[in-house]
There are 2 protein chains.
Amino acid sequence: MMNVLEQITQNLEKLSKSERKVADVIQASPKTAIHSSIAALAKMADVSEPTVNRFCRRMDTKGFPDFKLHLAQSLANGTPYVNRNVEETDNVEEYTTKIYDSTLASLDRSKQMIDTAAINRAVDILTQAKKISFFGLGASASVAQDALNKFFRFNVPVASYEDALMQRMSCINSTEGDVIVFISHTGRTKSLVDIAQIDKQNDANVIGITARNSPLADACHLVISTEIPEDTDLYMPMASRIGQLVIIDVLATGFTLRRGSKFRENLQKVKQGIRDSRYTKTPD
Amino acid sequence: MMNVLEQITQNLEKLSKSERKVADVIQASPKTAIHSSIAALAKMADVSEPTVNRFCRRMDTKGFPDFKLHLAQSLANGTPYVNRNVEETDNVEEYTTKIYDSTLASLDRSKQMIDTAAINRAVDILTQAKKISFFGLGASASVAQDALNKFFRFNVPVASYEDALMQRMSCINSTEGDVIVFISHTGRTKSLVDIAQIDKQNDANVIGITARNSPLADACHLVISTEIPEDTDLYMPMASRIGQLVIIDVLATGFTLRRGSKFRENLQKVKQGIRDSRYTKTPD
DNA sequence: TAAAAAAGTGTAATTTTATTACATTTGACT
DNA sequence: AGTCAAATGTAATAAAATTACACTTTTTTA
C-alpha cells in the first residue's frame, strides 16, 4: 500500500472541514500522532473521536490502530530523507551516523526513482555486446574499475581505462557492436563528453550512468540516472558513487540472469579459481 | 531507538520459555504480528496475554500497541531482516528491488554495528601518518582506488597498488610513521595477509577494513569491520564493498574534521581545479 | 425560497483490546 | 522434602476504539 503521509497530502481536497482539522494535526506532528490515543488526537484537532476514526477509514485503513501502524511505517521510511550535513563540531558518533543516514536516504530515493525500463534496455545492449568498456574519471574511475572486475568474470571482452588519453585512443577504433558505458555523476566532465560523441559517431552503443539533461546524457543512446542529488562541486562524492555501484550490481545481475543457467555454471568456475588463493574459513 | 527485530534476536537468550515462544511467533511472521491483537498473538504462541505484554516490555517498549508500532517501523525499513536473494525467474523490477533492498539492509546493519571507537583511533592514526597506502585485491581494489582518490585531495603522500607484486615491493621499505590500510571482505586473501605481516614487522601502522577474527585481522593493529555477512565465495561482492566505501567516507570525513578549518580551505582549492575541467551547470 | 434530502458531526452505549492484581505453578537450591 | 524465587496464568479492571443513532449543517430541487 501507499505511503500514508502522501495519501493525506493527495486527498486533502476531498476531506470535510473536521476531517481536515485531523489531517492538519497529523501533518504538523506525525510523531506525536502515532503515540496518541484516538481520544487525545480528537482533542488536539478539536473534533470528536468518531471523526478521527472516519478520517482513518477514508485513508484506506481499517481504523485508528491500523492507521497508526501505516503512519509509523511512513515515518520510518521518511525520516532519513533529510540530508543531514556534517558539522565542524560533530563527534565520531555524530558524523558516522550522519554519513550512514544520508547514504541510506540517497539509496532509498534512488530505489524509488530508478527507471527499470532503462535498466532492461541496458541489459539487452550489454548481453549483445562484442566488447564492453567502462569509462569514468575521478571518483567514477573506481566505479568503472569495479564494473570491470564484475564483467570480467563473465568472460566477455571488457576494458576500462582511467586515463583520459587512453580512453580517447580506445574510442577512435570503436565500432558497431561495441558498448561503452560512461560513468559520471555530474555528466559535465568535458573529456568524457568528447569521447562519448566520437563513440556515437562510430555507431558504437553508448550508455551513460549519469545525470539526466546533462551534456553527457545528450551524447548517450541510453541514460540511467541514479537520481541522487549530491553536489560534488562542494562536497566529496559519497552517496553518488554508491548509487552508481548499485546500478552496476543491478546490470551485472540482469546480465547473468539473461545469459541463463549454462552461463552461471561458468561463473562458479571463476569463483573456484579465486577461492584457491584464499585461506579456508577454519584455518586452525 | 534500536530496530526491534534485531533487539529480539539479540535478547533471545535472556528470554524465558514462554517469552521465547512469543519471540518465535513474531520472528516467523512479523507481518502477521503487527495486524494481530494481543489475544490473537497469545493464542498463536500458546501463552497467556500478560506474557505477551511482559515480552513487549522486555523489548523496551511501553506495551503491546507501542511494540507493534516499533515493529511496523522495523518492517518498513525495506524488510531488512531477510536477505532477499535473486531468483532465476525474477523480472527487472524484482531483481532491481531485491538488490536495492539487500544493500539498504546491509548498510543499516552496518550502521548499527559499527565500532566508532575503532573509527576514532583510525582517524587518529591517519592524521599522524607520514604516508598512507591503500591495498585491496579484486573487488576491494576499486575500493582502495576510491580511497586513494579521496585522500589524494588532502595533500598527504598517499599510494595504492592493485598489483600484488607492487604491493609486496612497496611494503619492503615500509617504516614507522607509515600507515597501510588493507581492504578485504573475507580477510582470507593470502597475499594480503603476507604483506600485512611484513608491514607489521617493519613497525608500520596496519589498519584492516576487514572481517573480525580473520587471518588478516590478526595481522592488523586495528580492525574496522563492516559486519556485513555477504558470502563472496558464492556471490559477487555487492553490499560488502559498499559497506567498505561508506567506511572510507567516514574516515575521510573524520580526517578533514580533525585537520581543522585551515585545512578545509585547501580542499576548496583542489575542488576549484576540478571544476575548471567541467562544463558549467547551465551550458546553454 | 422553503422543504426535502444528503452529508457531516457529535453523544453515548457497546464492544474490543490491553493492563493490572493476584493466584498458581514451576523449578532451583538447601 | 521443603522453601523461595521466578515464571506463568486467571480473572477483574481499565483503557481504547467502534458503532448506533440523534442532531446539525449544507446542498438540492420543486
Side-chain angles (χ1 to χ4, degrees), chain A residues 1 4 7-8 10-75, chain B residues 1 4 7-8 10-75:
Chain A
M1 195 209 267
V4 185
Q7 178 102 343
I8 296 175
Q10 282 191 5
N11 298 30
L12 221 54
E13 314 302 320
K14 298 171 194 161
L15 295 176
S16 71
K17 220 187 300 169
S18 300
E19 285 172 350
R20 179 66 184 264
K21 283 191 204 167
V22 180
D24 288 345
V25 169
I26 291 170
Q27 286 190 322
S29 171
K31 276 167 215 158
T32 312
I34 59 169
H35 291 116
S36 307
S37 68
I38 194 167
L41 202 67
K43 206 169 181 184
M44 279 189 261
D46 192 30
V47 298
S48 70
E49 300 179 23
T51 300
V52 177
N53 191 281
R54 283 187 283 260
F55 168 83
C56 296
R57 296 237 168 98
R58 208 175 287 279
M59 293 299 135
D60 289 328
T61 63
K62 286 185 185 175
F64 184 69
D66 189 46
F67 174 82
K68 282 208 292 188
L69 242 43
H70 282 279
L71 186 59
Q73 294 193 322
S74 308
L75 244 45
Chain B
M1 192 211 267
V4 186
Q7 177 103 341
I8 296 175
Q10 281 192 5
N11 296 29
L12 222 54
E13 315 301 322
K14 298 170 193 162
L15 295 176
S16 69
K17 219 186 302 171
S18 299
E19 285 172 349
R20 178 68 182 265
K21 283 192 205 168
V22 179
D24 288 346
V25 169
I26 292 170
Q27 287 192 320
S29 170
K31 278 167 216 155
T32 313
I34 58 169
H35 291 116
S36 308
S37 69
I38 194 167
L41 202 66
K43 205 170 182 183
M44 278 191 260
D46 192 30
V47 298
S48 71
E49 300 179 23
T51 299
V52 176
N53 193 281
R54 282 188 282 261
F55 168 84
C56 296
R57 297 237 167 98
R58 207 176 288 279
M59 292 299 134
D60 289 327
T61 62
K62 284 185 187 175
F64 184 70
D66 189 44
F67 173 83
K68 284 208 289 189
L69 240 45
H70 282 278
L71 187 59
Q73 293 193 323
S74 306
L75 287 176

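Naming: A, B, ... by sequence-line order, numbering from 1 per chain. Scope of the values below: all heavy atoms of this structure, side chains included, with no hydrogens, waters or symmetry mates.
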Inset, instruction - Using a cut-off of strictly less than 4.0 Å, decide whether A/T51 has a side-chain nitrogen or oxygen near OP1 or OP2 of C/dT9. - result: no
Legend entry - B/E49 CD - C/dT16 P separation (whole Å): 14 Å
Inset, instruction - Let me know the distance between CD of A/E19 and P of C/dG8, rounded to the nearest Å. - result: 7 Å
Inset, instruction - Report which part of the nucleic acid B/V47 touches: base, sugar-phosphate, or nothing (heavy-atom distance under 4.0 Å, all strands). - result: sugar-phosphate
Legend entry - Between C/dA18 (P) and A/F64 (CZ): distance, integer Å: 14 Å
Legend entry - Smallest separation among heavy atoms of A/R57 and A/K62, with atom names: NE-O, 3.1 Å
Inset, instruction - Walk along DNA chain D from 5' to 3' and tell me the first and last nucleotide with an atom closer than 4.0 Å to a non-hydrogen atom of chain B. - result: D/dA7 to D/dT10
Inset, instruction - Measure from the side-chain N and O atoms of A/Q73 to the backbone N and O of B/A72, and report whether any donor-acceptor pair falls under 3.5 Å. - result: yes
Inset, instruction - Using a 4.5 Å cut-off on heavy atoms from C-beta on, say whether the side chain of B/M44 contacts that of B/T32. - result: yes
Inset, instruction - Check whether any side-chain N or O of B/R57 sits under 4.0 Å from OP1 or OP2 of C/dT20, and answer yes or no. - result: yes
Legend entry - Residue whose nearest DNA chain D nucleotide is more 5′ - A/I38 or B/K21: B/K21
Inset, instruction - Please report the closest heavy-atom contact between B/N53 and B/F64, naming both atoms and the distance. - result: ND2-N, 4.2 Å
Legend entry - Heavy-atom side-chain proximity of B/D60 to B/H70 below 4.5 angstrom: no
Legend entry - Backbone N/O of A/S36 and side chain of A/K68: donor-acceptor pair under 3.5 Å: yes
Inset, instruction - May I have the distance from B/K17 (atom NZ) to C/dT25 (atom C1'), rounded to whole angstrom? - result: 11 Å
Legend entry - Whole-Å distance separating the NZ atom of A/K14 from the C1' atom of C/dA7: 17 Å
Inset, instruction - Report the distance from atom CD1 of B/I34 to atom P of C/dA18, rounded to the nearest whole Å. - result: 14 Å
Inset, instruction - Please state how far atom CG in A/N53 lies from atom C1' in C/dA12, giving the value in whole angstrom units. - result: 15 Å
Inset, instruction - Just say parallel, tilted or perpendicular for the rings of A/F55 and A/F67, cut-offs at 30° and 60°. - result: perpendicular
Legend entry - For atom CZ of B/F67 and atom P of C/dT19, their distance in whole Å: 12 Å
